[in-house]
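These notes are about the structure you will find just below.
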Amino acid sequence: MPTFAHINVSYMSIPSKFTPSAIEQKWYDYWTQNKYFHSTPDARKPYTIVIPPPNVTGVLHMGHLMNNTLQDVLIRRARMRGYNACWVPGTDHASIATEAKVVNKLKNQGIDKADIGREAFLKHAWDWTDEHGGIILEQLKKLGCSCDWERTKFTLDEDMSASVIQVFVELYEKGLIYRGYRMVHWDPDAQTTLSDEEVIYEEKQGKLYYIAYAIEGSNEKVVIATTRPETLFGDTAVAIHPEDERYTALHGKKAIVPLVNRVVPIIKDEYVSLELGTGCLKVTPAHDENDKILGDKHKLEFIDIFNPDGTLNHQGLHYKGQDRFAVRKEVVKELEANGSLIKVTPHTHKLGTSERTKAVVEPRLSDQWFLQMEALAKPAIDAVENEDVQLVPKKFINTYRHWMNNIRDWNISRQLWWGHQIPAYYYGTNNENVVVAETEEKALEKAKIASGNDALTLNDLTQDEDVLDTWFSSWLWPISVFNGVLEPENEEISYYYPTQELVTGPDILFFWVARMIMSGYVLRNEKPFSHVYLTGLVRDSQGRKMSKQLGNSPDAIKLMDTYGADGVRVGLLLSAAAGNDLLFDENLCQQGKNFANKIWNAFRLVQSWTVDETLSPCKTAAVGLDWYTSKFQQTLATIDDHFDKYRISDALMATYKLIWDDFCSWLLEIVKPAYGEGIDAETYQKVCALFGSVTCSCKLILINVIV
RNA sequence: GGGCGCUUAGCUCAGUUGGUUCAGAGCACUUGGUUUACACCCAAGGGGUCGGGGGUUCGAAUCCCUCAGCGCCCACCA
């Protein structure tokens, strides 16, 4: 007896090994023998999908449901068509997000991360991971995802970590990775740098402050406009446009920064706009990217006024130790009191905020590791442009190309502990020399050679404190899960790579997809996947983004309990046009649940019939069967076509109508014997066969249909 | 500021190369039926100047221009 939908939630784990497993072989035989689906000429070739690894301590949300249902449908279809389908699951250590959670947890216990040190902190982080990790994988099983579970990977697994380190070393040796003192995005909450992609610009209503700076040796003043008066402690120049006639009198003069009374030069630079503000600019080289350029050009002093947590350091004088935003208010008051504040006007501007912590990002100068991107981007751009890697839907090609053509070097170091520690080792009296190697021992060898000093010992080496950006491990995912970094020629990677599909959201097109394409070419000179299916965002029925704050995101687990995994899967797929956001409505899950029940009821009906051997084949039924058989073949071709074009919801709708309207409402009604009467053997047999085939087509989507 | 996309029935969306298979689907709705598979059913039905305006064409939801509204991505401007 079959178990069903909302009653029972089960999952099938179908392992795919290099040689087909027994279960797999059984599936394959079943499909080929029954010819419900034509096996393709490519049958038995690998068909691989690597899962976008969810955060290890994460919980299933609507996006996951959508994403993984799609992957499951694709992988089941491949399996049915006779491919050796392999779907690799796994989780991501999510450096910054996980570390933030652990820091918070410790804080609640009155423990400060800095006090306990790296080792003890990592112990806590691993405890946390062991406790919460893997929950999300169990939830995926509940959703019915037929992953190859014994292949499950975690980005901090030993071999995965070794892969990351090796790639770092390789790219460093190729000269693609370098260390540089740059203006980077600093997240004062997480106290780490961020890559450009991790900064989200949000429009904020701010103010523009007009402040008078005195001119040295005169009673004149010059008025500058700024949105950040608190940074005046770091001012080391005032800039004007060389041809600005309003200010020709200032050429060669010096200005006095209020409050600090620092005498700074008035510099001339074309960069200054004649229209904006007052045409006169304060220059804070340490805290603004443009000002840094001016600072370098005019050889200005760089004065860093902030502590890592966003409070002011001793440069902030009497504001030392106070938060930057509190200081802004106080500085404005003080300026007003001494008459330096001329006026304040409202001003909207885009503020950079941290993707993870939402903190306002601070531009900050520091030593960081970078990966040169320009050379890596070239083959990756070509791959997408000539459709060697196909983006579905195509509209994302433009976005992709634009980003890739303007790509900047990737800041890959993070001032965190949870992650892959950078394999760079410093030595020398001031740690001024650096070597990069997979292990401490290898580093020591390199250091000895580089320094010519054979007496160096491990104690003379200090490893870089920083870890790598999480995405620096994710970008290797399709390769590293098959151990393709450490053993580039191994059987598995040669067989499974490149993979066929990547299913993910457009929000990580740059974070992840583009970088995987780049890593594929730089490490293996081959694309990582042939198709990228970009799903839409799941929104609520009013079109709002699902978010914790709004509380409009349904509990994925509860949803499955209410409607069954099948109901939820159908509900999501019904509106799953690629690349379009979908407005999620629970009614669709209800529809999905109804669909599952419809099949269940049809099964009960057929089961209830008793065969009467004395009856000769019914003629009406034969006509019905012929009609339905042809209808079925026709629809099957349509469904296949929809799938080939990634029109998953259309494929589902075609299946839905075939079963509901054609099979149930027409065929079964025609064939159904009158109450109390039996059915002839031939008709019964044919109906059963057709029923088997009809459920085959929905097996892609419904996981529990077993007849 | 630059780029991309969307606007079709009450709702969510299809509509691929412009032409009697182009005005569609599902849900919702209305009416009738059915009470021994399923009220999670069956049948029939109503409902849209395809965002506004202009143009190209024998012919436009489909191509071009323009306006309006919505959304997304990118960008260092005080």
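Note on naming: letters A, B, ... go to the chains in the order of the sequence lines (proteins, then strands), and numbering restarts at 1 for each one.
Remark: B:C72 base-pairs with B:G3. Criterion, Watson-Crick or G-U wobble with two distances under 3.5 Å. Across all strands shown, B:A61 remains unpaired; no Watson-Crick or G-U wobble contact has both distances below 3.5 Å. Under the Watson-Crick or G-U wobble criterion, with both distances below 3.5 Å, B:U17 has no partner in any strand shown. B:G26: Watson-Crick or G-U partner is B:C11, with both key distances under 3.5 Å. Judged by Watson-Crick or G-U wobble contacts below 3.5 Å, the nucleotide B:C41 has B:G33 as its partner.
Checking the phosphate oxygens (OP1, OP2) of B:A78, no side-chain nitrogen or oxygen of A:Thr227 falls inside 4.0 Å. Considering only side-chain N and O atoms, A:Tyr400 lies nowhere under 4.0 angstrom from the phosphate OP1 or OP2 of B:C4. A sub-4.0 Å separation between OP1 or OP2 of B:C74 and a side-chain N or O of A:Arg408 is absent.
Within the nucleic acid shown, A:Ser273 comes within 4.0 Å of at least one base atom, counting heavy atoms only. Using a 4.0 Å heavy-atom criterion, one finds that A:Leu208 contacts the sugar-phosphate atoms exclusively. Contact annotation for A:Cys664: base contact, defined as any heavy-atom pair under 4.0 Å involving a base atom. Looking at heavy-atom distances under 4.0 Å, A:Tyr271 makes contact with a base. A:Arg647 comes within 4.0 angstrom of the backbone, heavy atoms only, and of no base. Here A:Ala602 lies in heavy-atom contact (under 4.0 Å) with a base. Nucleic acid contact class of A:Glu669 (heavy atoms, under 4.0 Å, all strands): base. In this structure, A:Val606 reaches neither bases nor backbone, as no heavy-atom distance under 4.0 Å exists between it and the strands shown.
No donor-acceptor distance shorter than 3.5 angstrom exists from the side chain of A:Asp187 to the backbone of A:Ser354, with no hydrogens or angles considered. Although no hydrogens or angles enter the test, the distance criterion places a donor-acceptor pair under 3.5 Å between the side chain of A:Arg246 and the main chain of A:Leu274.
Ion pairing between a basic and an acidic side chain is recognised when a charged N comes within 4.0 Å of a carboxylate O; A:Asp662 and A:Lys657 show no such pairing.
Nearest-nucleotide positions on RNA chain B place A:Asp196 closer to the 5' end than the other of A:Asp196 and A:His347.
For the pair A:Tyr656 OH and B:G26 P, the computed distance is 9 Å after rounding to whole Å. Between A:His642 atom NE2 and B:A25 atom C1' the separation is 11 Å, expressed in whole Å. Atom CZ of A:Phe510 and atom C1' of B:A75 are 12 Å apart (whole Å). Atoms CD1 (A:Ile200) and C1' (B:C72) sit 13 Å apart, rounded to a whole Å. As a whole-Å value, the separation of A:Asp661 CG from B:A44 P is 10 Å. The distance from atom CH2 of A:Trp660 to atom P of B:A43 is 11 Å, rounded to the nearest whole Å. Distance, A:Lys350 NZ to B:A75 C1': 9 Å, rounded to whole Å. Regarding A:His185, its NE2 atom lies at a distance of 9 Å from the P atom of B:A75, rounded to whole Å.
Each of A:Thr348, A:Leu276, A:Thr345 was scored for a side-chain contact (heavy atoms from CB on, under 4.5 Å) with A:Leu208, with one residue passing: A:Thr345.
B:A43 and B:A25 have their P atoms separated by 14 Å, with the value rounded to a whole Å. As rounded to the nearest Å, B:U7 and B:G15 have P atoms that lie 10 Å from one another. Using atom P as the reference point in both B:G24 and B:A9, the two lie 14 Å apart (nearest Å).
With A:Phe510 as the aromatic partner, A:Arg515 does not meet the cation-pi criteria of under 6.0 angstrom to the ring centre and within 45 degrees of the ring axis. Annotation: cation-pi geometry not satisfied between A:Lys350 and A:Tyr201 (NZ/CZ under 6.0 angstrom from ring centroid, within 45° of ring axis).
One can find a donor-acceptor pair under 3.5 Å joining the base of B:C38 and the side-chain atoms of A:Lys598. Below the 3.5 angstrom threshold, one finds a donor paired with an acceptor across the side chain of A:Asn290 and the base of B:C76. Evaluation of atom-type donor-acceptor distances gives no pair under 3.5 Å for the side chain of A:Gln591 against the base of B:A28.
Within 6.0 Å of CH2 in A:Trp666 there are 12 or fewer heavy atoms belonging to other residues, nucleotides or ligands.
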